[in-house]
Number of protein chains: 2
Amino acid sequence: MGSHYNGESEQQRALDCFIKLLRATESVNTEVHKSVFAEGLSESQFGILEALLHLGTLNQNQIAKKLLKSGGNITLVIDNLVKQGLVSKEKRSEDRRFYWIDLTDKGRRLIEHLFPRHAENITKRMAVLSPEEQILLGKLCRKLGKNNKQ
Amino acid sequence: MGSHYNGESEQQRALDCFIKLLRATESVNTEVHKSVFAEGLSESQFGILEALLHLGTLNQNQIAKKLLKSGGNITLVIDNLVKQGLVSKEKRSEDRRFYWIDLTDKGRRLIEHLFPRHAENITKRMAVLSPEEQILLGKLCRKLGKNNKQ
DNA sequence: ATAAGATACTTTAATATTAAACTATTATAT
DNA sequence: ATATAATAGTTTAATATTAAAGTATCTTAT
């Protein structure tokens with residue numbers, strides 16, 4: 001059992017864990033968003049409406065950072081939400097570089113209707129794991145998610 | 001501490017675990033594919049080359065199922081790989097509904113060069129977790145990934 | 001005061017992704 | 001035999017996504 005064997009075994013374990021992580025996340029995420037898709041919203045559109053509901057008025061830069069997406073992407077998704085009458089986009093006099101994005105009444109009604117159902121979907125799906133397992137999974141993900149390159 | 005409180009607490013735990021899972025997966029996946037992007041390949045293109053390397057000649061339907069993507073998507077990504085001269089696409093006489101996809105010499109050289117580096121990247125990144133933690137994470141993901149709707 | 005740099009957003013070009021409607025080919029039921 | 005169904009792949013229209021190059025606005029250094 002030399003170092004070569006151990007190296008291969010370590011790699012096998014890492015690849016196996018990695019692929020399971022990808023597949024599980026993909027599966028849960030797709031299933032959880034079904035009720036969102038059924039309402040004609042994309043995952044990105046829903047993400048922006050949700051951020052506006054919980055954080056209030058935001059500019060596009062804040063939204064891009066919150067959702068970890070590029071600025072160009074946010075421009076497009078916001079414009080599609082504006083076309084659907086779900087959010088408003090306006091420049092204010094303070095600093096004319098910013099656009100301020102907010103929910104319209106229609107957008108607020110929609111996300112207030114959708115979010116509780118979404119949270120329930122997540123809760124039901126995660127209930128495959130016990131409370132302790134969920135806490136453990138969260139801790140492992142937090143450790144893994146930390147970007148510790150030196 | 002009535003059932004309402006417990007319901008909220010259960011939901012909080014589930015949402016917290018869910019968001020950590022999404023973020024960690026996104027972070028690891030993006031970082032791990034950096035050397036792939038640096039070679040001018042997309043994640044999907046790399047996925048197809050990898051499948052062909054490990055499984056041999058496949059038709060588009062098999063590739064779609066393996067990568068959990070739609071048929072239309074596979075048509076496009078394969079055509080882009082054909083344009084780059086990395087895979088071949090041919091109909092055979094047996095059943096003329098199928099296109100058979102295989103690595104070209106150029107494609108094989110590329111993926112044989114890239115895959116070991118990719119596996120190393122995954123191994124390095126997953127090494128944030130101990131071997132035991134990786135095994136545990138894999139088990140939790142496997143349990144979670146199972147689509148048990150009744 | 002003004003030039004240089006930073007910040008916010010847009011546009012473009014390329015790839016990805018899906019659903020739905022489509023064509024072509026093969027299998028099956030009568 | 002032939003109509004019907006199933007299977008493999010394509011096309012289209014819509015949305016997403018990024019990087020890179022561009023515009024507009026504000027801040028800072030001199």
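Per chain, numbering begins at 1; letters A, B, ... match sequence-line order. Note that this is a predicted model, so its numbers are computed, not measured.
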**OP:** Can you tell me the distance, in whole Å, between the CD1 atom of A:Ile78 and the P atom of D:dT15?
**Re:** 15 Å

Original post:
Given C:dA19, is OP1 or OP2 found less than 4.0 Å from the side-chain N or O atoms of B:Ser70?
Top reply: no

Original post:
Tell me: NE2 of B:His33 to C1' of D:dT17, nearest whole Å?
Top reply: 16 Å

**OP:** Please report, rounded to the nearest Å, how far the P atom of C:dT10 is from the CD atom of A:Gln60.
**Re:** 4 Å

Original post:
At under 4.0 Å, does any side-chain N or O of B:Gln45 touch on OP1 or OP2 of C:dA16?
Top reply: yes

**OP:** Give the rounded distance in Å between these two atoms: CZ of B:Phe37 and C1' of C:dA14.
**Re:** 14 Å

**OP:** Answer yes or no: does atom NZ of B:Lys139 have more than 12 heavy-atom neighbours from other residues, nucleotides or ligands under 6.0 Å?
**Re:** no

Original post:
Contact class for B:Leu76 vs. all strands (heavy atom < 4.0 Å): base, sugar-phosphate, or nothing?
Top reply: base

Original post:
Any idea which of D:dT18, C:dA24, D:dT11 is nearest the B:Arg97 side chain?
Top reply: C:dA24

**OP:** Identify which nucleotide among D:dA16, D:dT18, C:dT15 has an atom closest to any side-chain atom of A:Val77, counting heavy atoms from C-beta outward.
**Re:** D:dA16

**OP:** Report whether A:Ile48 and A:Phe98 are members of the same hydrophobic cluster (ILVMFWY, side-chain heavy atoms less than 4.5 Å apart, transitive linking).
**Re:** no

Original post:
Does NZ in B:Lys66 sit with more than 12 non-hydrogen atoms of other residues, nucleotides or ligands closer than 6.0 Å?
Top reply: no

**OP:** Could you tell me the separation between the CG atom of A:Asn59 and the P atom of D:dC26, rounded to a whole number of Å?
**Re:** 14 Å

Original post:
Looking at B:Asp79, B:Asp102, B:Asn59, which one forms a side-chain hydrogen bond (donor to acceptor under 3.5 Å, both in side chains) with B:Lys89?
Top reply: B:Asp79

Subject >> A:Asn61 CG - C:dA6 C1' separation (whole Å) >> reply: 12 Å

Original post:
Does a nitrogen or oxygen in the side chain of B:Ser44 sit under 4.0 Å from OP1 or OP2 of C:dT17?
Top reply: yes

Subject >> 5' priority, DNA chain D, between A:Asn80 and B:Gly72 [closest heavy atom] >> reply: B:Gly72

Original post:
For B:Leu41, which of B:Asn80, B:Ile111, B:Leu114 qualifies under side chain to side chain contact (heavy atoms under 4.5 Å, CB included)?
Top reply: B:Leu114

Original post:
With a cut-off of 6.0 Å (strictly less than), are more than 12 heavy atoms of other residues, nucleotides or ligands near CZ of A:Arg142?
Top reply: no

Subject >> Comparing A:Glu94 and A:Lys83 on DNA chain D - which has the more 5′ nearest nucleotide >> reply: A:Lys83

**OP:** Please state how far atom CG in B:Asn73 lies from atom P in D:dT12, giving the value in whole angstrom units.
**Re:** 17 Å

Original post:
Of the nucleotides C:dT15, C:dT17, D:dT15, which one has an atom closest to the side chain of B:Ser42?
Top reply: C:dT15

Subject >> Selected nucleotide, minimal atom distance to B:Arg96 side chain, candidates C:dT25, D:dT10, D:dA8 >> reply: C:dT25

Subject >> Nucleotide nearest B:Lys89 (side chain, heavy atoms from C-beta), chosen from D:dT10, C:dT25, D:dC26 >> reply: D:dT10

Original post:
Which of these nucleotides, D:dG9, D:dT18, C:dC9, is closest to any side-chain atom of B:Tyr99?
Top reply: D:dG9

Subject >> Phosphate OP1/OP2 of D:dG9 contacted by B:Thr75 side-chain N/O (<4.0 Å) >> reply: no

Original post:
Which part of the nucleic acid does A:Leu68 contact within heavy-atom distance under 4.0 Å: base, sugar-phosphate only, or nothing?
Top reply: sugar-phosphate

Original post:
To the nearest angstrom, how far is B:Phe98 atom CZ from C:dT26 atom P?
Top reply: 10 Å

